[in-house]
2 protein chains.
Amino acid sequence: MKQPEAECCEELEIHTDTVEKLKELLPPEELLYDLAELFKVFGDSTRIKILYALFESELCVCDIAQTLGMTQTAVSHQLRVLKANKLVKFRKEGKNVFYSLDDDHVRRIIDQGMEHLGE
Amino acid sequence: MKQPEAECCEELEIHTDTVEKLKELLPPEELLYDLAELFKVFGDSTRIKILYALFESELCVCDIAQTLGMTQTAVSHQLRVLKANKLVKFRKEGKNVFYSLDDDHVRRIIDQGMEHLGE
DNA sequence: CTTTCATATGAATATCTGTTCATATGTTAT
DNA sequence: ATAACATATGAACAGATATTCATATGAAAG
């Protein structure tokens with residue numbers, strides 16, 4: 001006869017305790033969601049390229065587009081995402097808009113990622 | 001009369017230099033792509049939750065599933081992704097497969113992300 | 001060797017995401 | 001005012017991705 005309510009790993013009751021403890025220890029759902037959203041921003045090569053370009057100097061949209069060999073529109077859409085996530089800030093000067101990195105976390109996060117790759 | 005070959009920011013010739021320098025300074029296309037791929041892995045709340053759970057202890061698949069309130073199948077698919085990107089390793093013990101974090105970069109990358117959020 | 005259990009895998013589906021195209025906004029120069 | 005330019009935005013489309021369902025694998029127990 002089967003236990004219909006049995007969830008999994010039935011034989012090892014230790015696990016049930018583990019699971020309960022874990023549920024308490026995990027950060028709130030929403031925070032984990034936000035964290036994933038943040039990493040999602042880094043998870044696109046166009047945006048990574050933009051950020052890398054901004055490591056060197058502040059840049060206007062068309063220079064970024066030219067550097068990456070992409071259209072102004074595509075870059076503008078991605079800058080919007082970066083802006084919304086506070087990874088870049090901007091400064092208007094006449095017709096141009098100059099973008100730059102918002103803080104040092106960006107660099108550190110990317111560096112950590114690079115370190116992981118080099119293994 | 002229009003210059004058809006003009007790319008952008010025509011008036012400021014400084015920019016053309018900037019762009020050329022930038023193109024040299026940027027890491028190779030492929031590396032940036034790989035980096036984005038890595039962050040993409042962190043860019044999903046299910047995978048973030050799995051990693052957080054593994055911060056505490058090594059876990060078998062069904063415990064992870066139960067902790068997250070998800071199906072075994074969904075978790076298994078995501079573990080596959082984490083495994084492929086060397087973020088987790090595993091150890092087989094009879095019917096069970098125990099997963100754990102592969103290295104400390106995982107923790108550091110996530111911590112940096114969290115720091116960025118708290119601002 | 002057959003059943004049960006833990007895990008893995010493949011196909012299908014629904015959702016999300018990035019680029020393009022067309023167009024809008026806002027600034028500078030004529 | 002009007003034209004030219006830099007940037008932004010909205011809709012549409014194509015490609016990617018996460019979950020589900022059905023099923024396969026592989027180990028332990030009967």
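Chain identifiers are assigned alphabetically (A, B, ...) following the order of the sequence lines, protein sequences preceding nucleic acid strands; residue numbering begins at 1 within each chain.
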Side chain of [X]: nearest nucleotide among [options]?
X: V61(A); options: dA18(D), dT9(D), dT7(D); result: dT7(D)
X: N96(A); options: dT19(C), dA6(D), dA18(D); result: dA6(D)
X: A74(B); options: dT27(C), dT7(D), dT20(D); result: dT20(D)
X: K95(A); options: dT27(C), dG18(C), dT7(C); result: dT27(C)
X: T73(A); options: dT17(D), dT9(D), dT9(C); result: dT9(D)

[X] vs [N]: side-chain N/O to OP1/OP2 distance below 4.0 Å:
X: K40(B); N: dT17(D); value: yes
X: Y99(A); N: dA6(D); value: no
X: S76(A); N: dT9(D); value: no
X: R80(A); N: dA8(D); value: no

Exercise. Could you pick out which residue, G94(A) or Q78(A), lies toward the 5' side of DNA chain C when each is mapped onto its nearest nucleotide?
Key: Q78(A)

Practice problem: State whether the number of non-hydrogen atoms from other residues, nucleotides or ligands found under 6.0 Å of R91(B) atom CZ is greater than 12. | Solution: yes

Exercise. Verify the neighbour count for atom NZ of K83(B): are there more than 12 heavy atoms of other residues, nucleotides or ligands below 6.0 Å?
Key: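 Check passes, neighbour count above 12.
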
Exercise. Please indicate yes or no: is the ring centre of H77(B) less than 5.5 Å from the centre of the six-membered base ring of dT9(C), with the two planes inclined by under 30 degrees?
Key: yes

Distance from [X] atom [atom1] to [Y] atom [atom2], nearest 0.5 Å?
X: D34(B); Y: M114(A); atom1: CG; atom2: CE; answer: 8.5 Å
X: L82(B); Y: K86(B); atom1: CG; atom2: NZ; answer: 14.0 Å
X: E37(B); Y: L35(B); atom1: CD; atom2: CG; answer: 10.0 Å

[X] [atom1] to [N] [atom2], straight-line distance once rounded to whole Å:
X: L68(B); N: dA18(D); atom1: CG; atom2: P; answer: 15 Å
X: M70(A); N: dT17(C); atom1: CE; atom2: C1'; answer: 13 Å
X: E93(B); N: dA28(D); atom1: CD; atom2: P; answer: 10 Å
X: E37(B); N: dA16(D); atom1: CD; atom2: P; answer: 10 Å
X: L82(B); N: dT17(D); atom1: CG; atom2: C1'; answer: 14 Å
X: I48(A); N: dT17(C); atom1: CD1; atom2: P; answer: 16 Å
X: E58(A); N: dA6(D); atom1: CD; atom2: C1'; answer: 15 Å
X: D63(A); N: dC5(D); atom1: CG; atom2: P; answer: 16 Å

Practice problem: Please tell me which of K92(A) and R47(B) maps to the more 5' nucleotide of DNA chain D, matching each residue to the nucleotide holding its nearest heavy atom. | Solution: K92(A)

Exercise. Give a yes or no on whether a donor-acceptor pair under 3.5 Å exists between the nucleobase atoms of dA8(C), that is its base, and the side chain of Q72(B).
Key: yes

Quiz item: Under 30°, 30 to 60°, or over 60°: which ring-plane class applies to F42(B) and F39(A), parallel, tilted or perpendicular?
Solution: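 Aromatic pair F42(B)/F39(A) classed tilted.
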
Quiz item: What nucleic acid atoms does F90(B) come within less than 4.0 Å of, heavy atoms only: base, sugar-phosphate, or nothing?
Solution: nothing

